[in-house]
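Here's the structure, in structure tokens; my notes come after.
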Amino acid sequence: MMQTWTARQLLNDLMKVAKVPAEIEALHARCGVYTRGPIVRRILDAVGWMAAKDLSSFRLLEPACGDGVFVVEAARRLVTSLTRQDIPLTIGALRDRITAFELHPREAKQARKHVVEALRDLGVHHRTALASAEAWVIEGDFLLSKIDSASYSHAVGNPPYVRWSRVPPKLKQSYERVVSRLMTGGDLMLPFLDRALDSLSFGGQCGFICSDRWRYMAFAEQFRNKWLPRLKIRSERSVPADTAFVRAVDSYPTILVASKEISQQKPRLTVGHKKTKTLTDLGCTVRVGPALGHAPAFVLEPDEDAVEPEILHPWLDGSEVHDGTIAWGGRRVILMYGSDGRLRELKQFPLLTQRLRRFRAQLKKRAIVLNGAPWYRTIDRTRGEDWSRPKLLVPGIARTPRVAVDLSGSIPSHGVYAIFADDDDVVRIYDKLKNGGLASALSNIAPRIASDYVRCHKRFLMMARF
């Protein structure tokens with residue numbers, strides 16, 4: 001009875017919170033966004049921290065553990081693994097297996113509490129559970145703490161995501177005294193990822209839910225130069241923010257899974273590379289096809305003709321852009337804007353009016369209409385002359401990036417990117433991108449998303465070197 005009371009008293013002590021410095025509260029308010037359980041389990045599966053494996057000699061690092069969702073799931077798997085190996089669940093067997101940092105005192109104490117509860121549910125002795133929680137969850141700043149390099153087999157988590165300019169001044173000053181200048185000035189996520197990767201042993205596995213901004217932003221160039229040659233990226237899958245996080249945030253998260261390699265044979269992509277150029281260097285512009293707002297209303301199938309023909313124009317989507325050729329299926333889009341750039345008057349087009357009235361209920365629900373736009377307008381302006389020049393078309397998402405020359409003046413869907421250049425240069429640029437050239441140029445830039453598809457976004461196309 002005394003032991004149970006002592007354990008409960010110690011657990012209560014873990015929950016006592018001292019006054020938190022204002023800068024820590026401010027940082028937590030900006031980036032204390034926690035990960036949902038299914039995503040945590042997905043990441044731990046991906047890096048191989050699994051109960052079915054022998055985890056007795058592995059070490060897992062989490063740079064910012066919040067209230068402990070990663071640590072708790074990792075602990076459950078660790079205990080189950082040791083039990084399967086008939087390894088006694090002693091503090092000696094558990095202590096060095098997990099290290100998790102958390103800057104905010106309240107959240108660190110919550111994490112320890114959750115760890116204790118999870119371990120006790122698995123039958124771990126209460127003293128061992130308490131000692132493990134104290135050893136695993138370190139109340140401190142990951143960037144300012146002493147960590148041996150190449151000392152962990154796994155690194156996982158949800159690193160803080162906030163622009164460097166919004167880091168509270170006192171913390172920023174502390175970071176800038178110890179963090180390499182090459183990793184500061186952009187986003188706090190970057191030095192967290194950099195230090196976590198430094199802490200991995202060769203062959204070590206990492207899995208992070210994070211923004212993909214490091215892939216293309218200028219502030220991350222030195223990070224890319226340092227780590228792309230040293231990482232074997234096994235997966236980059238985008239996930240909806242509401243699926244990834246427990247509260248609503250305005251971000252576009254990606255699950256990054258990679259291993260740290262000894263080899264540095266991958267090409268380094270630097271601004272000073274003399275033998276290749278970007279599309280910007282070549283004088284190109286990249287545009288995405290216009291957003292319509294409700295494609296069934298504005299796009300006619302091949303067998304539909306119930307709109308004035310003079311306001312119809314060839315339209316195609318990514319499925320009609322093959323590698324090197326365009327296979328137009330016969331669909332046409334309504335040109336809702338005239339050559340003067342003004343929205344057409346419906347009273348001048350009775351067939352158009354009749355068609356759009358069939359979709360009026362759906363069209364009136366759109367955000368642009370609720371914000372005051374006419375109910376029948378498209379989101380973006382649709383004019384044939386805006387797309388009439390020779391151009392290269394690239395589907396925005398593709399299992400293998402592909403490109404084709406379009407000389408028909410077709411308007412692409414919102415899921416297709418158009419590369420414009422001087423007319424004489426279109427074919428010359430196409431020669432650089434065809435036969436896998438585009439896929440090769442994007443291989444170290446564009447992330448892979450669900451089902452191993454590549455995201456060929458404008459920003460990645462503009463960064464790629466050919």
Side-chain angles (χ1 to χ4, degrees), residues 2-15 34-35 37 40-41 43-103 105 107-140 142 145-158 196 199-201 203-208:
M2 178 61 72
Q3 286 183 340
T4 302
W5 179 86
T6 302
R8 187 178 297 114
Q9 183 184 49
L10 288 172
L11 190 57
N12 289 336
D13 289 343
L14 288 177
M15 296 305 299
Y34 297 156
T35 315
V40 171
R41 293 189 286 274
I43 290 174
L44 290 174
D45 286 346
V47 301
W49 188 272
M50 303 167 71
K53 294 189 175 184
D54 180 2
L55 302 179
S56 61
S57 61
F58 290 149
R59 300 187 69 206
L60 181 140
L61 171 69
E62 185 182 4
C65 73
D67 64 357
V69 62
F70 273 96
V71 181
V72 167
E73 182 61 26
R76 290 192 183 110
R77 295 176 179 216
L78 173 63
V79 168
T80 303
S81 172
L82 296 181
T83 301
R84 290 180 67 256
Q85 303 294 324
D86 292 326
I87 298 175
L89 300 177
T90 64
I91 187 59
L94 296 170
R95 179 189 294 113
D96 294 333
R97 304 280 70 81
I98 297 174
T99 303
F101 289 87
E102 175 49 46
L103 178 62
E107 302 306 298
K109 290 176 172 60
Q110 282 284 356
R112 294 191 191 111
K113 174 179 179 289
H114 294 155
V115 167
V116 170
E117 292 171 347
L119 293 183
R120 293 292 291 124
D121 288 343
L122 291 169
V124 177
H125 191 278
H126 64 274
R127 289 180 179 171
T128 303
L130 287 164
S132 297
E134 285 284 0
W136 289 345
V137 180
I138 298 172
E139 182 185 311
F142 175 65
S145 300
K146 182 178 179 180
I147 304 175
D148 293 332
S149 62
S151 56
Y152 290 90
S153 58
H154 298 75
V156 299
N158 173 5
S199 302
L200 275 181
S201 57
Q205 308 293 311
C206 72
F208 294 104

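Just so you know, these numbers use all the heavy atoms, side chains as well, and skip hydrogens, waters and symmetry mates. Keep in mind it's a predicted model, so treat the numbers as computed, not measured.
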*Minimum-distance pair of heavy atoms, taken over all atoms of Val47 and Gly207*: CG1-N, 3.6 Å
*Excluding sequence neighbours, so at least two apart, what forms ring-ring contact (aromatic ring centres under 6.0 Å, His included) with Phe142?*
Phe101, Phe192
*Could you state the interatomic distance from CD (Gln205) to CG (Leu200), rounded to the nearest 0.5 Å?*
8.5 Å
Residues 82-89, side-chain donor-acceptor partners within the protein, below 3.5 Å, at least two apart:
| from | atom 1 | to | atom 2 | distance (Å) |
| --- | --- | --- | --- | --- |
| Thr83 | OG1 | Val79 | O | 2.8 |
| Arg84 | NH1 | Ala52 | O | 3.1 |

*Going from CG on Leu103 to CD1 on Ile138, what distance comes out if it is rounded to the nearest 0.5 angstrom?*
13.0 Å
_Side chain to side chain, Asp45 and Met50, heavy atoms closer than 4.5 Å_ = yes
*Report the C-alpha distance between Leu60 and Val156 in whole Å, list the side-chain angles of each, state the deciding distance to 0.1 Å, and finish with yes or no for side-chain contact (heavy atoms from CB on, under 4.5 Å).*
CA-CA 8 Å; Leu60 181 140; Val156 299; 3.9 Å; yes
*Mind checking the SG-CD1 spacing from Cys206 to Ile43? Nearest 0.5 Å is all I need.*
10.0 Å
*Do you know the tightest heavy-atom contact between Ala100 and Cys65?*
CB-CB, 3.8 Å
*Does the side chain of Leu55 reach to within under 4.5 Å of the side chain of Arg97, using non-hydrogen atoms?*
no
*Which of these, Arg112, Glu62, Arg76, sits in a side chain to side chain contact (heavy atoms under 4.5 Å, CB included) with Val71?*
Glu62
*Distance from Asp96 atom CG to Ile98 atom CD1, nearest 0.5 Å?*
11.0 Å
*For Ala75 and Trp136, work out which heavy atoms get closest and say how close.*
CB-CZ3, 3.5 Å
_Going by the rule ring-ring contact (aromatic ring centres under 6.0 Å, His included), which residues pair with Trp49 if we only count those two or more places apart in sequence or in a different chain?_
His154
_Verdict with reasoning, Arg77 to Arg41, per side-chain contact (heavy atoms from CB on, under 4.5 Å)_ = CA-CA 10 Å; Arg77 295 176 179 216; Arg41 293 189 286 274; 3.6 Å; yes
_Minimum heavy-atom distance between Phe70 and Asn158, given as atom pair plus value_ = CE1-N, 4.1 Å
_Test side-chain contact (heavy atoms from CB on, under 4.5 Å) on Ser132 and Leu119; report intermediate values, then the result._
CA-CA 9 Å; Ser132 297; Leu119 293 183; 3.8 Å; yes
*For residues Ala196 and Pro63, report the shortest heavy-atom separation together with the two atoms involved.*
CB-CG, 4.0 Å
*asked:* Please find the pair of heavy atoms, one from Ile147 and one from Tyr152, that lie closest to each other, and give the distance.
replied: CG2-CE1, 3.8 Å
*Under 3.5 Å, side chain of Arg59 to main-chain N/O of Ser151, donor-acceptor pair present?*
yes
*How long is the gap from OG1 on Thr90 to CZ on Arg95, to the nearest 0.5 Å?*
8.5 Å
*Test Lys109 against Glu139 for side-chain contact (heavy atoms from CB on, under 4.5 Å), laying out the working first.*
CA-CA 8 Å; Lys109 290 176 172 60; Glu139 182 185 311; 3.1 Å; yes
